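Everything numeric in this text was worked out from a predicted model, so none of it was measured.
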Amino acid sequence: MRSRNTRARRFGLFLSLLLVSAAPVVAETPAKAPSTATKSNVPWLYKGSDVPQDKAWTFGILPNGIRYAVRHSGVPPEQVSIRVLVDAGSMYETEPQRGYAHLIEHLTFRESKYLKEGETIPTWQRLGATFGSDTNAETSPTQTVYKLDIPNATAPKLDETFKLLSGMITAPIFTDRGVKTEVPIVLAEMRERTSAQSRVLDATRGLFFKGQLLASRSPIGTVETLEAADAAAVKAFHDKWYRPDNTVIVVAGDADPAALVARIEQWFGGWQVAGKKPLQPDFGKPIAPAGIDPKNPVGEAKVLVEPDLPRLVNWAILRPWAKVNDTIVYNQGLMIDRLALALINRRLEARARGGGSYLVASVDEMKQELSRSADATIVTVTPLSEDWKSAVTDVRSVIADALATPPSQAEIDREVAEFEVAFKVSVETQSTIAGSKAADDIVNAVDIRETVANPDTVYDIFRRSIPLFKPQAVLEHTRALFRGTVVRPMMITPKAGEADEASLRAALTAPVKAASESRVAANALKFSDLPPVGTPGTVASARPIGLLGIEQVELSNGVRVLLWPNDAEPGRIIIKARFGGGYSAIQPQDAVYGPIGEVALMDSGIGALGRDDLDRLATGRKLSLDFNIDDTAFVLSADTRPADLADQLYLMAAKLGMPRWDANPVLRAKAAAKLQYESYNSAPNAVLNRDLNWLLRDGDPRYATPNPAELEKVTPEGFRKTWEPLLSEGPIEIDMFGDFTREQALAALEKTFGALPVRTPTAAPTLAPNIPAHNPEPLVLTHRGDPSQAAAVVAWPTGGGQAGVRESRQLEILAQIFNNRLFDAMREKVGASYAPQVGSSWPLDLPSGGYLSAMVQLRPGDFDTFFAAVDKIAAELAATPPSADEISRVTEPLKQLITRASTGNGFYMYQLEGAAYDPRKIAAIRTILNDYSQTTPERMQALAQKYLRADKSWRLEVVPEKR
């Protein structure tokens with residue numbers, strides 16, 4: 001039983017993808033709920049556990065051995081999420097089979113019993129499922145999961161879905177032709193994923209799991225084994241591991257559970273295979289080399305030079321993995337582990353904020369998640385400079401203090417309060433948990449051999465565990481977390497010669513002094529002790545906007561509010577405060593302070609309170625403060641709950657009314673940006689991430705990624721000079737949707753945003769972007785990554801402004817039709833690219849700057865193929881209308897996407913943001929479903945003729961740097 005809320009990820013560069021497959025690894029499971037049932041009727045997931053069963057799930061086992069879990073979920077309405085888990089991934093492969101588990105995933109979508117070659121994706125699209133999000137599969141080292149989210153899941157559609165899916169799983173068709181067609185696509189996927197970061201991940205995996213299968217069993221496989229694959233060899237792997245007694249089917253959605261079970265029985269109950277289930281391979285366990293100190297068993301080490309990546313030092317304290325009984329006592333132990341780590345991480349963060357030798361550092365435990373290969377505690381450090389040894393020493397000294405002396409009860413109580421609010425929020429918002437997430441939680445629980453629990457159960461276990469959270473217990477768990485069979489350190493550095501394996505090992509074996517000064521103050525601050533934002537305002541006017549129950553309120557100081565109390569998402573309130581002029585208000589010469597502000601502004605505190613003070617103020621509350629910059633507005637956003645609404649609004653208003661100007665957050669953001677910059681040269685897609693938005697804005701510096709020379713000029717004084725007036729200028733719009741009462745909201749608004757002084761106006765917007773003019777010869781940028789990688793972009797100018805919103809939606813339909821054709825041309829026919837993308841951008845708050853773009857990663861020799869395909873598709877769309885079927889493959893998924901999204905408050909807030917000052921947005925939302933789901937072939941042809949003009953296209957190539 002795990003709770004996501006107490007398992008916040010703070011891994012370094014490599015850990016986010018350490019176990020990633022060719023498709024993403026399934027997300028971790030949250031808190032889980034086993035069973036009070038007697039031993040005779042304990043569901044299969046809860047064997048050996050005393051955690052109460054989540055009664056929302058119906059569990060069963062078919063006579064052929066298939067296990068299933070089914071539940072009703074009405075979030076979103078009319079959707080059914082299906083997961084088919086085969087308990088075999090890349091670590092089940094032999095050496096000649098490397099990559100087969102993932103290749104089978106591809107081949108399963110290519111051709112099967114009820115789907116002819118090439119029919120799978122169009123079929124799911126006609127059923128309203130978007131390929132890649134609603135229809136997907138994932139391969140990890142330990143499992144392969146097929147994922148379908150079926151919208152508008154009528155009985156006939158469910159019948160068809162289970163039929164088609166059963167054919168894919170139980171009777172895929174493997175042919176040599178199919179294998180030879182699909183292997184280049186997998187190789188394209190491999191090529192596009194190869195980067196400096198992927199090399200780090202592979203090297204880290206190889207070091208940490210040395211001597212184990214996980215060290216070399218990346219799900220993507222190898223070029224040699226994939227190119228040698230044939231239908232017979234692939235089928236042999238499938239026949240061995242795709243078996244009913246090795247398969248789990250999970251279904252959660254808006255349907256009768258009994259009817260779902262009946263469909264599982266109908267379509268999967270007849271699946272039979274010969275022979276006994278094979279034994280799982282031995283994944284191995286961490287083994288220490290001979291002769292190392294058992295008290296600090298630092299073993300093998302590795303230094304990897306990657307010129308385009310910042311320094312990073314990781315070390316793993318590794319212990320053998322063992323299957324556990326997922327009991328209440330076991331989970332109470334996990335809670336103490338998480339408490340111990342939370343204390344250390346808070347101290348590490350406080351030291352970094354105060355100007356330490358590292359940018360960030362963290363410690364986390366991976367007990368069950370490392371592909372059943374190890375139980376590990378992992379430390380991650382990003383040094384600020386070449387003096388990586390000082391950074392490692394500083395982090396080790398914080399850890400040494402935690403190992404030497406128990407924390408105070410006050411420190412523990414602070415973290416317990418944080419845990420409590422996280423668990424309590426889960427209880428309050430449990431009715432909003434999507435069926436797709438609930439299904440994924442079961443899949444993950446099966447993978448890590450644990451259970452699931454509902455939020456009430458998790459909260460109850462937590463509350464009963466509070467007496468266990470004592471200083472000595474935390475100290476004992478801390479010491480256990482830092483004991484292991486072997487410790488393996490890994491360093492990534494941009495410069496050769498600044499470290500070697502011996503110096504890295506020495507940095508972890510040298511004595512360190514416990515940093516007792518790293519402990520963070522635990523005394524609580526109270527909102528009641530804080531100064532008021534100002535003299536409270538009053539409501540000057542209020543009127544319904546004529547949409548749903550949304551009301552527009554104007555406060556006496558001119559602040560406008562869109563207010564929508566509703567119970568669509570119980571226990572949750574989302575807030576946006578739009579103010580000022582956004583990018584258009586930033587002077588071009590101050591452009592560097594835009595991205596610095598996005599990172600540093602919220603960390604700079606308010607009034608007399610720094611960021612550490614705000615953290616203490618927020619203890620035991622659900623408060624947040626996020627910031628980003630739009631074209632014509634700055635945006636503060638928050639996700640809170642009814643009990644914390646007034647305090648959340650205070651934080652947001654105080655940020656504008658009494659900002660604080662600490663230097664350290666600015667210097668830290670500057671250092672982070674400088675460390676990150678070189679990584680933008682590491683691969684073609686990184687170059688695009690750095691430069692494409694700026695280039696498509698005709699080189700406006702406000703959209704550029706600051707380079708080191710520009711960053712060098714950043715100072716705390718310059719930051720304040722830029723941002724102080726920006727925070728005080730321009731209109732304010734508050735959008736607040738969710739679980740609150742009108743009276744509660746107005747009272748809080750009057751004391752916070754209503755108490756701000758009347759705002760000074762901003763200058764007229766200075767942004768009127770356009771994409772660059774047509775270039776017969778592509779602009780060429782370079783990257784320093786793999787020489788087999790390149791990227792290309794074609795863009796056509798479209799438009800901008802709210803007046804053209806309906807045309808912008810029709811353009812999205814055209815873009816998706818183009819995307820389907822380009823996908824077929826570049827991936828299916830020639831295997832030149834794994835995932836070409838076509839999209840449309842139309843800035844609603846600017847008069848121009850929109851574009852339709854086609855983007856692809858490919859080999860350097862495939863540019864002509866891509867540009868020819870793009871030109872041909874554009875010309876054909878302009879010359880001949882697309883077919884009705886081609887249009888329906890796009891409009892039906894778009895219709896279902898909007899229908900599902902519109903059940904949540906976030907959808908309406910996104911559509912209406914800015915509407916208090918531009919009421920056209922209110923009218924525009926009324927036509928959104930029609931605009932995205934209905935069109936004609938002639939309308940598509942007309943848009944293609946208008947916009948997809950060869951003489952207006954702009955082209956870009958990203959090529960390998962010559963060496």
If the test is side chain to side chain donor-acceptor pair (under 3.5 Å), which one of D739, D639, N905 qualifies with R572? D639
Just to verify, what does Y908 make a ring pair (Phe, Tyr, Trp, His ring centres under 6.0 Å) with, not counting sequence neighbours? W564
Taking only residues two or more places apart in sequence or in another chain, which ones pass side-chain hydrogen bond (donor to acceptor under 3.5 Å, both in side chains) with R560? none
Hey, are E411 and R347 close enough for a salt bridge, meaning a charged N less than 4.0 Å from a carboxylate O? yes
For the side chain to side chain donor-acceptor pair (under 3.5 Å) test, which of D613, D612, T619 pairs with R616? D613
Hey, are K424 and D456 close enough for a salt bridge, meaning a charged N less than 4.0 Å from a carboxylate O? no
Salt bridge check, K576 against D630: does any charged N sit closer than 4.0 Å to a carboxylate O? no
How many angstroms lie between CD1 in I928 and OG in S902, if you round to the nearest 0.5 Å? 9.0 Å
Going from CD1 on I466 to CD1 on I412, what distance comes out if it is rounded to the nearest 0.5 angstrom? 12.0 Å
For the pair K921 and D845, find out whether any cationic side-chain nitrogen is under 4.0 Å from an anionic carboxylate oxygen. yes
Tell me which pairs pass ring pair (Phe, Tyr, Trp, His ring centres under 6.0 Å) where either residue lies in residues 600-644, with sequence neighbours left out. F579-F634, F627-W723, F634-W723
Measuring from atom CG of D441 to atom OG of S436, what distance do you get when rounded to the nearest 0.5 angstrom? 9.5 Å
Considering only NZ, NE, NH1 and NH2 on the basic side and carboxylate oxygens on the acidic side, decide whether R641 and D644 come within less than 4.0 Å. yes
Please report the shortest heavy-atom distance between A542 and R742, naming the atom on each side. CB-NH2, 3.7 Å
Side-chain contact, heavy-atom cut-off 4.5 Å: L625 with Q648? yes
Distance in Å, W661 CH2 paired with R720 CZ, rounded so as to fall on 0.5 Å steps: 7.0 Å
side-chain hydrogen bond (donor to acceptor under 3.5 Å, both in side chains) between E569 and T432, intermediate numbers included: CA-CA 6 Å; E569 299 174 85; T432 66; 5.4 Å; no
